[in-house]
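Please read all numbers here as calculations on a predicted model, not as lab measurements. So you know, we letter chains A, B, ... as the sequences are listed, proteins then strands, and number each from 1.
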2 protein chains.
Amino acid sequence: MATPHALDRTLTALADPTRRAILQRLSAGEARVTDLAKPFDMSLNAVSKHIRVLERARLVERRRVGRDHFLSYRPEPLDAAAKWIAETRTFWAVRLDTLERLLREEDTAKK
Amino acid sequence: MATPHALDRTLTALADPTRRAILQRLSAGEARVTDLAKPFDMSLNAVSKHIRVLERARLVERRRVGRDHFLSYRPEPLDAAAKWIAETRTFWAVRLDTLERLLREEDTAKK
DNA sequence: AATATATTAAACCTATTGGTTGAATATAAG
DNA sequence: CTTATATTCAACCAATAGGTTTAATATATT
């Protein structure tokens, strides 16, 4: 991707199970890097990298307090993702609705 | 990912702009590989590969008619993705709703 | 001041991604 | 039968992803 756009970064961030788990954990409240890393069977550094991916996607925000970094959840980027999916998901439903309406109107006109 | 699960495959497939464009195109009706490739500034083979990613994610289905392969859109996998996002997106909203309801009930009880 | 804790930075490794080109396969059309 | 079209397969390549390990940095604790 030449200039990865917001939606690309959002969906890329969500496409990894570790990052989704981190996000869900954070959606319940902020946590430090060490706390987030605890449940995972990988190095702290690996989790630190995942967090950076989530940050780049603006799904996570960092607040430094002394040596601790508190991460918090920013849901906003999910809206664009949900919007894209909803639009694409319901395309045929919408078209069928429209078709049905048109047929109904045609019916009505005939009478 | 050891055994990439459905949601991983879905979100990975969606994380690429070319694939999202292909999917949206297909959501308007089926098309052949060549038709799909036309608008893109990349080789037919590259598009063919993108289609395979969408197929692996079950977002696209293939129907062979002679030498032509007709691809069609399968929206089902989007449901799980939308569900995940909706759950994660609305976590706090739900909690706040619950809190508000509890406070209201407590209020009512007082009277 | 010395040590322990929280975190990132940097270098490295391997596997995957997203693209290419060239050949193979299958079907259609002249 | 020969040629053109639609598509995949295979080999290759550079860039990225996801992990590791070993420093480096900053702040706390004793």
Open item on the list: Whole angstroms only, please: what is the CZ-C1' distance between B/R52 and D/dA10?
Closed with: 12 Å

Task: Phosphate OP1/OP2 of C/dT20 contacted by B/S43 side-chain N/O (<4.0 Å) - done: yes

Task: Interatomic distance where CG belongs to B/D68 and C1' belongs to D/dT8 [whole Å] - done: 14 Å

Open item on the list: Regarding B/D8 and A/R20, does a basic nitrogen lie under 4.0 Å from an acidic carboxylate oxygen?
Closed with: yes

TODO: Between A/V53 and B/I51, name the one whose nearest nucleotide on DNA chain D is closer to the 5' end.
DONE: B/I51

Open item on the list: A/R74 vs A/L59, test: side-chain contact (heavy atoms from CB on, under 4.5 Å). Steps then yes/no.
Closed with: CA-CA 5 Å; A/R74 299 297 318 265; A/L59 284 162; 5.6 Å; no

Task: Sugar-phosphate only, base, or nothing, as touched by B/R64 at under 4.0 Å among non-hydrogen atoms - done: nothing

Open item on the list: Rounded at 0.5 Å granularity, tell me how far OG1 in A/T10 sits from NE2 in A/H5.
Closed with: 11.5 Å

TODO: Test for a donor-acceptor pair under 3.5 Å between the base of C/dG22 and the side chain of B/N45, counting only N and O atoms.
DONE: yes

- [ ] Please check the phosphate of D/dG18 (OP1 and OP2 only) for any side-chain N or O of A/H50 closer than 4.0 Å.
- [x] no

TODO: Considering just the side-chain nitrogens and oxygens of A/R19, establish if one lies under 4.0 Å of OP1 or OP2 belonging to D/dG18.
DONE: yes

Task: Value in whole Å for how far the C1' atom of D/dA6 lies from CG of B/D35 - done: 11 Å

Open item on the list: What I want to find out is whether A/E76 reaches A/R58 closely enough, with some N-O distance under 4.0 Å, to be called a salt bridge.
Closed with: no

Open item on the list: Expressed as a whole number of angstroms, how long is the span from B/M42:CE to D/dA14:P?
Closed with: 19 Å

Open item on the list: Between A/H69 and C/dA6, is there a contact of a side-chain N or O with OP1 or OP2 at under 4.0 Å?
Closed with: no

Task: Nucleotide D/dT5, atom C1' - distance to CZ of B/R32 in whole Å - done: 9 Å

Open item on the list: Out of the candidates B/L54, B/V60, B/I51, B/L14, only one should pair with B/R19 under the side-chain contact (heavy atoms from CB on, under 4.5 Å) rule; please name it.
Closed with: B/L54

Open item on the list: Whether the side chain of B/R67 and the base of D/dT7 hold a donor-acceptor pair under 3.5 Å is what I'd like checked.
Closed with: no

Task: Between C1' of D/dT20 and CG of A/D41, the distance in whole Å - done: 13 Å

Task: Gap between atoms NZ and C1', on A/K49 and C/dC13 respectively (whole Å) - done: 10 Å

Open item on the list: Distance check needed: D/dT16 C1' versus A/R56 CZ, whole Å only.
Closed with: 10 Å

